[in-house]
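Below is one structure, written out as structure tokens, with a few remarks after it.
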Amino acid sequence: MPLTITFLGHSGFLFDDGQPGGRVCVDPFLTGNAKAKHQPGDIACDVIAFTHGHGDHLNDDGIAIAKANDATCVANYEIANLLKQKHGLADDKVEPGNPGGSIATAFGRVAFTPALHSSSGPDGRYLGVACGFVLHFERVDVAVYHAGDTALFSDMKLIGQLGEPDVALLPAGGRYNMTPKLAARAAEMVGAKFAVPIHWGTFPHLGQDVDEFSPDGVEVKIMQPGQTWEVAG
Ligand code: NI
Ligand code: MN
């Protein structure tokens, strides 16, 4: 059975391994995103993961989706506390972690990776370190690296070696993240078979194309918001 990957726009994704507990949402940013094709009410998931605290990753959509689905929330320790203390999510629905650690799930495992980026709430509240994830969909033998928001760093090679991702989702919009050229270097270092540029074209001050995202030896998949893709294990 393949893994179904739906691009929600910006850095948002929905994954589904087709088995109970296997629907995972990451960083939904729908309301206020003119490029998004989904509404929060469209999203059905068992797990929802947040890479960091910035509003284009953690926002009211994510909270609403978590509550509507009674989903398990995966995030760094500070965001996990925020979800419980400010948003009233139940203790047993929040799974905190931090880079280097991982959390066992019904579908396999979520590993936290470092990301070179900041993380705070709209009020300036410190929300831990920015993270990425390697989502190990063990039941279908597909692993996905979602880099979150990040600069290029050489340990991406290690993430590739240890996580063995099949797909790398890499920010390529510049300004807050890698440019397409640097994201291509990241894709080469991670060494996944497929790479998808994300976090571009959403706002005027982000890059509007990824023409220069052309890593050597990696298959580039350009996804449009709302688009679904199936990856075989
Ligand atoms: Ni950010
Ligand atoms: Mn961002």
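In listed order, ligands and their atoms are each counted from 1.
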Taking the ring of F112 and the ring of F133, is the distance between their centroids below 6.0 Å? yes

Considering only NZ, NE, NH1 and NH2 on the basic side and carboxylate oxygens on the acidic side, decide whether R23 and D46 come within less than 4.0 Å. yes

H54 side chain to S118 side chain, donor-acceptor N/O pair below 3.5 angstrom: yes

Sidechain N-carboxylate O distance under 4.0 Å for D166, K193: no

H199 and D56 side chains, donor-acceptor separation under 3.5 Å: yes

Exactly one candidate in I48, D61, L30 meets side-chain contact (heavy atoms from CB on, under 4.5 Å) with I43; the answer is L30

Give a yes or no on whether L89 and V24 share a hydrophobic cluster (residues Ile, Leu, Val, Met, Phe, Trp, Tyr; joining criterion: side-chain heavy atoms under 4.5 Å apart). no

Could you please spell out the steps behind the ring pair (Phe, Tyr, Trp, His ring centres under 6.0 Å) verdict for W200 and F213? CA-CA 11 Å; W200 61 278; F213 185 71; 9.6 Å; no

Less than 3.5 Å apart, any donor N or O on the side chain of H52 or D149 sitting next to an acceptor on the other? yes

Any protein N, O or S atom under 2.8 Å from the Mn ion (ligand 2)? Found D56 OD2, H57 NE2, D149 OD2, H199 NE2

Atoms (protein N, O or S; no water) under 2.8 Å from the Ni ion (ligand 1): 4

